[in-house]
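Chain identifiers are assigned alphabetically (A, B, ...) following the order of the sequence lines, protein sequences preceding nucleic acid strands; residue numbering begins at 1 within each chain. Note that the structure is a prediction, hence the values are computed from the model and not measured.
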Amino acid sequence: MEAAKTGCPDDETKRGVLAHLEGLEAQMNRACKRSEKPWRVQARESALGTKIRELRRLRDKLKAEVKRRQQTTEKASLASTECDQTVETREQEALERKRESVKAILQAYRFTGLSGKLTSRGVCVCISTAFEGNLLDSYFVDLVIEKPLRIHHHSIPVFIPLEKIAAKYLQTDLQHFLFSLCEALNAYSGRKYQADRLQGEFAAFLTGPLQRNSLCNLLSFTYKVDQSSSFRARLLYEDLTVTLPTDVTVTPQGTEALSALREEQRAAHEALFRTEPLHKVFASFAREEELSVSVAS
Amino acid sequence: MLTGFTITDYSKKTEDLTTAEMTDEGVKKVLQRHRISGNCHIITFQLEFQIVETQSKENISSVITDLGIVMEPTEYSELSEFVSRAEERRDLFMFFRGLHFFVKWCEYRKRTFTHFKDKYPDVVHLPEGPYSHCMGIRGASCPEFELVIVWRIHVDMEGKVLPQLDLLPGVPRQALQLDRHGVVDTAPQGFRSLLGVLGIEGTLESLIGSMQ
């Protein structure tokens with residue numbers, strides 16, 4: 001409202017000021033109307049504040065939930081790793097046990113008398129020998145797996161007919177070759193064992209040296225029968241796979257004819273040598289002697 | 001496996017038998033108890049044996065002091081005697097060698113018998129099946145006559161395995177009365193000579209031929 005600025009001095013001045021005041025008031029009213037009233041503002045503020053607080057609460061709640069879930073997932077993954085590890089450890093232990101068992105079984109093949117080890121070229125076969133429960137020497141044959149199969153090197157004594165056995169079976173039947181060799185070596189070991197024991201333990205019975213060949217299949221010796229007489233024994237093991245002689249001859253030392261008793265004894269001894277291992281025969285002689293000594297005394 | 005044996009299980013227990021006296025003399029004595037399970041073809045075995053190992057300054061000696069063998073199947077009577085002998089002599093290796101050759105011969109016998117059964121199904125019969133130890137030959141023309149081939153696999157004292165074949169002619173009494181030349185009596189001997197000449201398969205083939 002435009003107040004006239006011209007006019008009488010007082011009235012007009014008063015009217016001017018009043019008018020100005022009115023104008024200001026009107027302006028203020030307009031401004032008040034435009035902006036809200038204070039109590040509304042407060043109400044609105046508090047409403048917003050509540051909303052903010054609520055939102056904050058919700059945010060915190062969600063944050064906590066996320067954290068909680070994260071922790072749970074971590075624990076779960078940790079647990080599953082542990083679980084995997086336990087399963088893995090158990091599997092490893094089982095594998096280890098199985099490996100030990102296989103190793104043990106491979107060792108056990110020695111007890112069958114024939115065992116083999118793979119080599120870069122083929123296989124090395126170990127042949128074990130024994131006689132009457134006594135484990136004796138072992139021998140080996142190193143085979144090269146080629147066509148034809150060949151023996152690279154071996155520890156078989158030269159007097160064992162390796163070439164003959166190989167010629168017969170090596171190319172056609174490896175198993176037969178190995179078992180034949182096994183037979184020959186075990187028999188040789190057994191014969192050698194008997195001869196060694198005779199020479200060692202029962203040397204007192206021998207009146208002369210024990211004559212033996214390297215194959216131990218021809219033995220010749222003289223032994224005391226009693227105080228006065230002795231016999232000569234000749235044992236031939238023609239079959240190289242046996243440990244009992246195929247041919248035995250017991251003859252008296254000296255030229256005189258044998259008495260009936262002596263002849264009986266000679267025949268009995270011959271039979272003994274044919275059916276019992278050498279050292280067992282002499283062990284029985286030793287027992288007889290002991291008996292006769294104890295009877296005499 | 002290379003040797004025809006398969007070991008399926010092995011366990012070992014060791015016990016120290018060294019006394020104070022032995023230790024003074026520098027001797028060590030250990031008792032090992034072994035248990036092996038396995039099989040050779042269709043025969044399964046279970047062995048338990050003890051080895052005493054004595055170690056002195058000069059040498060080591062290992063002696064098998066006890067051997068127990070259990071085998072399945074037990075129908076092979078020829079084997080049971082051999083097994084007892086092996087146990088008695090504590091001869092572990094002889095047992096395995098003998099078993100190997102025995103099984104080989106068994107398999108060969110089975111193959112031979114089965115071959116003839118397949119080739120002449122009407123004439124040949126195996127009373128105990130393929131693992132039978134005898135084979136009967138009966139001609140269709142004269143069913144009363146039967147030639148029975150008995151094939152035993154014998155294991156001797158040393159563990160050597162040998163086949164033993166015998167012929168048992170089954171002839172009705174009336175026919176025996178007619179047999180003036182004693183052919184039936186000499187048949188078993190003739191059979192053995194034939195074996196020497198023709199071998200096992202040749203002999204069986206010729207016998208079957210004669211009955212057809």
Item to check | Heavy-atom proximity to chain A below 4.5 Å, by part of B:Ile7 | outcome: both

Next on the checklist: Among A:Ala187, A:Gly113, A:Gly133, which residue has the highest count of heavy-atom pairs closer than 4.5 Å to chain B?
Outcome noted: A:Gly133

Checklist entry - Are more than 12 heavy atoms from other residues, nucleotides or ligands located less than 6.0 Å from atom CD of B:Glu107? => result yes

Checklist outcome for this item: Residues B:Phe93 and A:Arg110: closest non-hydrogen pair is CE2-O, 3.8 Å

Item to check | Part of A:Leu114 lying under 4.5 Å from any heavy atom of chain B | outcome: both

Checklist entry - Do other residues, nucleotides or ligands put more than 12 heavy atoms under 6.0 Å from B:Arg89 CZ? => result yes

Next on the checklist: Using a 6.0 Å cut-off, check whether atom NZ of B:Lys117 has over 12 heavy atoms from anything other than its own residue.
Outcome noted: yes

Next on the checklist: Would you compute the distance between atom CZ of B:Phe96 and atom CZ of A:Phe111 and round it to the nearest 0.5 angstrom?
Outcome noted: 10.0 Å

Checklist entry - So which of B:His34, B:Glu53, B:Arg97 has the biggest tally of heavy-atom pairs under 4.5 Å with chain A? => result B:Arg97

Item to check | Most contacts with chain B, counted as non-hydrogen pairs under 4.5 angstrom, among A:Leu174, A:Thr243, A:Val102 | outcome: A:Thr243

Next on the checklist: Which atoms of B:Asp9 are under 4.5 Å from chain A, going by heavy atoms: the side chain, the backbone, both sets, or neither?
Outcome noted: backbone

Next on the checklist: Please find the pair of heavy atoms, one from A:Glu132 and one from B:Arg90, that lie closest to each other, and give the distance.
Outcome noted: O-NH1, 3.7 Å

Next on the checklist: At a 4.5 Å cut-off on heavy atoms, which part of A:Ser101 comes close to chain B: side chain, backbone, both, or neither?
Outcome noted: neither

Next on the checklist: Within the structure provided, determine whether B:Lys12 and A:Gln107 are in side-chain contact (heavy-atom separation under 4.5 Å).
Outcome noted: no

Checklist entry - Is it the backbone or the side chain of B:Thr8 that comes under 4.5 Å from a heavy atom of chain A, or both, or neither? => result backbone

Next on the checklist: Is A:Thr129 in contact with chain B via its backbone, its side chain, both, or neither, using a 4.5 Å heavy-atom distance?
Outcome noted: backbone

Checklist entry - When rounded to the nearest 0.5 angstrom, what is the spacing between CE in B:Met94 and SG in A:Cys182? => result 13.0 Å

Checklist outcome for this item: Here the gap from B:Ile60 atom CD1 to A:Leu135 atom CG, rounded to the nearest 0.5 Å, amounts to 11.5 Å

Checklist entry - Just wondering, are more than 12 heavy atoms of other shown residues or ligands nearer than 6.0 Å to CD in A:Glu146? => result yes

Item to check | Value rounded to 0.5 Å, distance of CZ in B:Phe101 from OG in A:Ser180 | outcome: 5.0 Å

Next on the checklist: Just checking A:Gln171: does its CD atom have more than 12 heavy atoms from other residues, nucleotides or ligands closer to it than 6.0 angstrom?
Outcome noted: yes

Item to check | Contact origin within B:Lys104 toward chain A - heavy atom pairs under 4.5 Å | outcome: side chain

Checklist entry - For A:Glu96, does the CD atom sit with more than 12 other heavy atoms under 6.0 Å from it, leaving out its own atoms? => result yes

Next on the checklist: Which atoms of B:Ile51 are under 4.5 Å from chain A, going by heavy atoms: the side chain, the backbone, both sets, or neither?
Outcome noted: side chain

Checklist entry - With only heavy atoms counted, which part of B:Phe49 is less than 4.5 Å from chain A, the side chain, the backbone, both or neither? => result side chain

Checklist entry - Do you know which two heavy atoms are closest between A:Ala108 and B:Tyr10, and how far apart they sit? => result CB-CG, 3.4 Å

Next on the checklist: Atom NE2 of residue position B:His41 - does it have more than 12 heavy atoms of other residues, nucleotides or ligands inside 6.0 Å?
Outcome noted: no

Checklist entry - Quick one: CG on A:Asp239 to NZ on B:Lys160, what's the gap to the nearest 0.5 Å? => result 4.0 Å

Checklist entry - Can you tell me how far the OG1 atom of B:Thr6 sits from the OH atom of A:Tyr109, to the nearest 0.5 Å? => result 5.0 Å

